[in-house]
There are 2 protein chains.
Amino acid sequence: MSPPDDRAEEARRHAERFQRVRAAHQTEVAEDYVELIAQLIDETGEARVVDLAGWLGVTNATVNNTIQRLQRDGLVTTKPYRSIFLTDAGRDLAVESRKRHDIVREFLMALGVDAETADIDAEGIEHHVSDATLEAFATYLARSTNTATGRRRS
Amino acid sequence: MSPPDDRAEEARRHAERFQRVRAAHQTEVAEDYVELIAQLIDETGEARVVDLAGWLGVTNATVNNTIQRLQRDGLVTTKPYRSIFLTDAGRDLAVESRKRHDIVREFLMALGVDAETADIDAEGIEHHVSDATLEAFATYLARSTNTATGRRRS
DNA sequence: TATAAAACTTAGCGCAAGCTAAGTTTGTGT
DNA sequence: ACACAAACTTAGCTTGCGCTAAGTTTTATA
């Protein structure tokens, strides 16, 4: 009498995985925005709606909507017609996301993927990489960097 | 006078990447559904709304909605109160997705990620892996398999 | 400094993907 | 064969995230 039970259990765990992916989806946009806002502030001194729109490939109206939501969720602050700032929470998320993004991108390149493709895929993959997997990526990266600089592999 | 141009060009390419990720998002649900439908038909003989709901962790009503959309998009066929079938297009997409999914999962495990985490992450990552990256994963996999079976590296 | 351009906001729309609650159909078991 | 349970559908709601079009504010320039 275990086959049906096993099957039900398998279904339950499958469902759990999907729920996690759906949850990850809900933070993707937020991560992309704060990551970009941090970058813009860093490189140009401020983050404006029009710049975000240009870098994200959406309209100003869409950016505005999203910024409202991010403000509601405590990740950014802004005032009408003024530029956008990160809260502490927003900055933390930005740093996290950026680190994740960079590791994924460099990992893909270390694996032999061309830079342009690595850029594209990293953008999608970064939001779905657990800490454990990120760790594995970083480990591989460290090893392949050592190899590239001429050191021996054990 | 090239700095501003370069910057604008960088923004344009960044935007393009985001648009691709957004596009990928739109096919994710479809891929997950057809993949699961194929598996259920394979293993149990048929795919029913209630099973999909159980495996996906959503309600019957949600599955129903989605199945309507997939039917509209030519990926499945079904009749009221009857089980669900894949069209040729649906079957093709299912095979594609399954292959992609398996490669990603096995790749992560080869990299040292534990099976449960690999399962979770693969679910999210599979939809964002380009052909080039998948190729790189498969190559790594082939190499590490050879290594594991005792063959020499080069 | 007035006006035109650029930036921003608001209103109102659409679609995807989730939900609950209520109703209908199918299939089983006594 | 009929009643009840399970499966399915429908209606109606919510949120996210995209859009266009129209209006407002800010900024730059003539």
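The figures that follow rest on heavy atoms only: side chains count, while hydrogens, waters and symmetry mates do not. Every chain is numbered from 1 and lettered A, B, ... according to where its sequence line falls, protein lines coming before strand lines.
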Q) Between C:dG23 atom C1' and B:Asn64 atom CG, what is the distance in whole Å? A) 13 Å
Q: In whole angstrom, give the distance that lies between atom OH of B:Tyr81 and atom P of C:dG27.
A: 11 Å
Q: In whole angstrom, give the distance that lies between atom CG of A:Asn65 and atom P of C:dC8.
A: 15 Å
Q: Measure from CD on B:Gln68 to C1' on D:dA11 and round the result to the nearest Å.
A: 13 Å
(Q) Taking the nucleotide of DNA chain C with the nearest heavy atom to each, does B:Asn60 or B:Arg72 sit closer to the 5' end? (A) B:Arg72
Q. OP1 or OP2 of C:dG18 less than 4.0 angstrom from a side-chain nitrogen or oxygen of A:Arg22, does that happen here?
A. yes
Q | First encountered from the 5' end of DNA chain D, between B:Gln19 and A:Asp73 | A | A:Asp73
Q: Check the distance between C:dG18's C1' and B:Asp32's CG and give it to me in whole angstrom.
A: 15 Å
(Q) A side-chain contact here means heavy atoms from C-beta on lying under 4.5 Å apart; do A:Trp55 and A:Leu40 qualify? (A) yes
Q: Verify the contact: side-chain N or O of A:Arg48 to OP1 or OP2 of C:dC8, cut-off strictly under 4.0 Å; return yes or no.
A: yes
Q.
I need the CD1-P distance between A:Ile67 and C:dC8, as an integer number of Å.
A. 11 Å
**Q.** Lys/Arg N to Asp/Glu carboxylate O, A:Arg91 vs A:Asp88, below 4.0 Å
**A.** yes
Q) Under 4.0 Å between a side-chain N/O of A:Arg82 and OP1 or OP2 of D:dT27, yes or no? A) yes
**Q.** Whole-Å distance separating the CG atom of B:Leu70 from the C1' atom of C:dC15
**A.** 15 Å
Q) Among D:dT20, D:dG18, D:dT10, which is the nearest nucleotide to the side chain of A:Thr62? A) D:dG18
Q | B:His128 and A:Glu123: side chain donor to acceptor below 3.5 Å | A | no
Q. Side chain of A:Val58: nearest nucleotide among C:dT9, C:dG18, D:dC19?
A. D:dC19
Q. Closer to the 5' end of DNA chain D via nearest nucleotide, is it A:Val29 or B:Pro80?
A. B:Pro80
Q. Under 4.0 angstrom, heavy atoms only, what part of the nucleic acid is A:Val63 near: base, sugar-phosphate, or nothing?
A. nothing
(Q) What I want to find out is whether B:Arg7 reaches A:Glu43 closely enough, with some N-O distance under 4.0 Å, to be called a salt bridge. (A) yes
Q | Flag side-chain contact, heavy atom, 4.5 Å: B:His101 against B:Glu31 | A | no
Q. Among C:dG18, D:dG18, D:dT10, which nucleotide sits nearest the side chain of A:Tyr33?
A. D:dG18
Q: Please state how far atom CD in B:Glu46 lies from atom P in C:dT26, giving the value in whole angstrom units.
A: 15 Å
